[in-house]
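In what follows, every chain begins at residue 1, and chains take the letters A, B, ... in the order their sequences are listed. All of these numbers come straight from a predicted model, not from anything done at the bench.
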Number of protein chains: 2
Amino acid sequence: MATIKDVAKRAGVAVSTASYALNGVKKVSDATLQKVLQAAEELHYQKNGFASDLKRTKTNTIALILRDLSGPFYSELIRGIQEVTTANGYDLIACSAIGGDDSTATKFLKEKRVDGAIVLAHNISDDIIKASANADFPVVVLDRHLDNPHILHVEVDNYQGGWIATEHLIEKGHKSIAFISGPKNSHDSEMRYKGYRDALEKHNLTFQSRFKFTGDFQRESGYRSTKMLIAQQNLPDAIFYANDEMAIGGLKAFADNGIRVPEDISIIGFDDIQISEYLNPPLTTIRQPKYEVGALSAHMIFQLFTGEDVEKHYSLVTELVERESVK
Amino acid sequence: MATIKDVAKRAGVAVSTASYALNGVKKVSDATLQKVLQAAEELHYQKNGFASDLKRTKTNTIALILRDLSGPFYSELIRGIQEVTTANGYDLIACSAIGGDDSTATKFLKEKRVDGAIVLAHNISDDIIKASANADFPVVVLDRHLDNPHILHVEVDNYQGGWIATEHLIEKGHKSIAFISGPKNSHDSEMRYKGYRDALEKHNLTFQSRFKFTGDFQRESGYRSTKMLIAQQNLPDAIFYANDEMAIGGLKAFADNGIRVPEDISIIGFDDIQISEYLNPPLTTIRQPKYEVGALSAHMIFQLFTGEDVEKHYSLVTELVERESVK
DNA sequence: CTGTTAGCGCATTCAC
DNA sequence: GTGAATGCGCTAACAG
């Protein structure tokens, strides 16, 4: 591999001149610029990214840290991040947090292999994140609350979402409403549940514990919980699934048992994932402003880069998307 | 940020000693090892990844290059890659190819910011890939054929897939079969189409050009093409969608028009994406061995690293997954 | 406008 | 075992 020295030599100039020419610094005459460029071309010169980063102590890329690269994927969220990072001339890479504190993600965080990070990965410990964040290394977390001056938060108002989902069901005349939750340690799910409980209470509807099941946000668990609900005989009027994936599992369980949605039972999900409108019936759900969450997260990082004052905490509101799974 | 020099100084040893201690090279006495470790701890020492990479000229990570980080995502494929890379002690990052030859992905490729790459991104030009691949930098391409000694290929037998999809439809008694293709420049789609045509021919079924539509592998295009097909009045007996996403769009178009699947028309997809079995009706489709493609791709890279001889080209077979969208 | 020079932080000889 | 010295490839003063 040719280095910048080779290029300089071939072009008959000093290394620095070659560097300036190659980096578009306007200090070189047109003639030498051409010479350098041509030499680089002939040598198939490619700069060594690490050497460059090392020197600049800046990578121009930010990392998105995901629990698992193989999904589930929030494409809208990523699109939001992506658009803002590209608009700012930054690169974006995604790292997996598989392996937890011993993962690729942790390495990138600790060794500062990027200029900033957005994390959405429960399996990275708070300590790692706190230890990594500092004035020159902003990190925004999407999945927890961390008390640290250099950590930014963006979250959606899950309580409000749980509330409007339940209100909608009640408004439509449903009295007995089941709730299929996410995993126990999910703060998001817990807040949605709180919203559900409070809405129930406000309308003097009693909560029945046999109508609460614990899932794990996966399709399969929605399927299983629903099967159990069906097996229990007397079905509720409606089910509020803590996310769309589980609602999809539920839909399948109902189809398996010849139970029609929404004729026999109404269901509502949470998230409004892309596929939801293509289901049969199209799923009524609570839309999370995922694109906005992503875009905002990235924005905050760039604001910090430019030394602006930024709000450390944002909470975004959800909205009801009415389709056909609630009658 | 403390550097290794600071650590060495604090521990009262030479830099090299500190380096050995930190990297677990068994050349240091237990006593000094402890001293160094403790000094590092006290200073919150974190090695600079770039400096390390620069020196080693090795990053221990491989890149997965995707057209767009925001999906559509082949989670099975990524899982395959992920498992093999982790098993080999390597890190995996995903880069977006948005921006084509001016993207993050291109930068990682050209500047060799990783040790190897797997590319699944039509929007990166052949030239870039060819220019990047060399004996020390293996790249496996999943979406094209490239004539270069250092480029490896893994593909699925799309021709065979197109063939069995069509055969299945014919076997079930369908005579007029429409084909909704992927984008024009997609080699995959082209091969599926060839399989379709040949199967038709073998059974003396004439191909009707009014039953061929060009889509772009996106849900929306499946929806639009299907709408057009419906508008044309007399529907075919069955439709072969070049991928599941478009079939989902098709399903929606039929639902919109009160046309029942499979009672009124049969449809078959291609890919067997996760959601397919949850659709209504569950989608009959051609399963691509995605996990295997991913795992194999990663394997090939590691084989190359260890200097083994590797087959430059693999073609994996597809299989029919019968569900309920074909009657 | 161009060339010289000094590190960036680290791993790695090679003597001791 | 240890430590001094060297350079990876590049950028950025600083002189000229």
Side-chain angles (χ1 to χ4, degrees), chain A residues 1-40 43-61 107-108 110-115 136-137, chain B residues 1-40 43-61 107-108 110-115 132 134 136-137:
Chain A
M1 215 63 213
T3 77
I4 197 171
K5 277 184 190 155
D6 302 324
V7 175
K9 193 179 300 172
R10 181 167 192 120
V13 299
V15 192
S16 62
T17 309
S19 174
Y20 288 137
L22 261 8
N23 289 299
V25 179
K26 300 193 190 325
K27 276 190 179 177
V28 292
S29 63
D30 247 26
T32 44
L33 178 64
Q34 289 311 323
K35 270 194 305 190
V36 173
L37 258 27
Q38 193 191 332
L43 261 26
H44 293 110
Y45 167 74
Q46 257 313 139
K47 89 160 154 198
N48 177 315
F50 300 119
S52 171
D53 287 345
L54 174 58
K55 189 65 189 173
R56 306 182 119 121
T57 56
K58 171 158 160 33
T59 66
N60 233 265
T61 109
K107 173 171 147 191
F108 272 71
K110 291 207 304 192
E111 298 179 5
K112 307 271 186 295
R113 284 166 179 276
V114 287
D115 294 347
D136 297 321
F137 190 81
Chain B
M1 214 60 210
T3 77
I4 199 171
K5 277 184 191 156
D6 303 322
V7 175
K9 193 179 299 170
R10 181 168 191 116
V13 300
V15 189
S16 60
T17 310
S19 174
Y20 287 138
L22 261 7
N23 288 299
V25 179
K26 299 189 192 329
K27 274 190 182 179
V28 293
S29 64
D30 248 25
T32 44
L33 178 64
Q34 289 312 322
K35 271 194 305 192
V36 173
L37 257 28
Q38 193 191 333
L43 263 22
H44 293 110
Y45 166 73
Q46 257 312 139
K47 88 160 156 200
N48 178 315
F50 299 118
S52 175
D53 288 345
L54 173 58
K55 193 62 192 175
R56 307 183 118 123
T57 55
K58 170 159 162 32
T59 66
N60 231 265
T61 109
K107 173 171 147 189
F108 273 71
K110 290 206 304 191
E111 298 179 6
K112 306 270 185 294
R113 284 165 180 275
V114 286
D115 295 347
S132 305
N134 66 46
D136 297 321
F137 190 81

Can you tabulate the close N/O pairs, meaning under 3.5 Å, that link protein atoms to atoms of nucleotides 5-8 of chain D?
unit_1, atom_1, unit_2, atom_2, d
dG7(D), N2, K55(B), NZ, 2.6
dG7(D), N3, K55(B), NZ, 3.1

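- In this view, T61(A) satisfies the side chain to side chain donor-acceptor pair (under 3.5 Å) rule with no residue, not counting sequence neighbours.
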Open item on the list: salt bridge (charged side-chain N to carboxylate O under 4.0 Å, His left out), that's the test. Do R113(A) and D53(A) meet it? Break it down for me.
Closed with: CA-CA 9 Å; R113(A) 284 166 179 276; D53(A) 287 345; over 6 Å; no

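- With hydrogens and angles ignored, the 3.5 Å screen pairs no side-chain donor or acceptor of K35(A) with any backbone N or O of V13(A).
- Checked against side chain to side chain donor-acceptor pair (under 3.5 Å), Q34(B) has no partners two or more places apart in sequence or in another chain.
- Remark: the backbone N or O of F50(A) is paired with a side-chain donor or acceptor of N48(A) at under 3.5 angstrom.
- Distances were taken from every side-chain heavy atom of A14(A) (C-beta onward) to each of dC10(D), dG3(C), dC10(C); the shortest belongs to dG3(C).
- In this structure, CD1 of I4(A) is placed 6 Å from P of dC10(D), rounded to the nearest angstrom.
- Rounding to the nearest 0.5 Å places CG of N23(B) at 7.0 Å from CD1 of I4(B).
- In the displayed structure, K107(A) atom NZ is contacted under 6.0 Å by more than 12 heavy atoms of other residues, nucleotides or ligands.
- Taking 4.0 angstrom as the limit, T17(B) places a side-chain polar atom (N or O) nearer than this to OP1 or OP2 of dG3(D).
- Rounded to 10 degrees, the angle separating the terminal axes of the helix from dC1(C)-dG16(D) to dC16(C)-dG1(D) is 40°, with each axis obtained from five end pairs.
- Rounding to whole angstrom units, CZ of residue R113(A) and P of dC10(C) are separated by 12 Å.
- Of all the residues in residues 29-36 of chain B, not one reaches under 4.0 Å from DNA chain C with any non-hydrogen atom.
- Near DNA chain C, meaning a heavy atom under 4.0 Å from it, residues 18-27 of chain B has S19(B), Y20(B), N23(B) in order of number.
- Between the C1' atom of dG9(C) and the CZ atom of R56(B) lies a distance of 13 Å, rounded to the nearest Å.
- For D6(B) (side chain) and A2(B) (main-chain N/O), no donor-acceptor pair under 3.5 Å exists by modelled atom type.
- Once rounded to the nearest 0.5 Å, the distance linking OH of Y20(A) with CG of L33(A) reads 14.5 Å.
- Closest heavy-atom contact between F137(B) and V114(B): CE1-O, 3.1 Å.
- When every heavy atom of A51(A) is checked against every heavy atom of L54(B), the shortest pair comes out as CB-CD1, 3.9 Å.
- The 12-atom threshold is exceeded at NZ of K58(A), counting heavy atoms of other residues, nucleotides or ligands nearer than 6.0 Å.
- A donor-acceptor pair is defined here as one N or O able to donate and one able to accept, closer than 3.5 Å; such a pair exists between the side chain of T32(B) and the backbone of S29(B).
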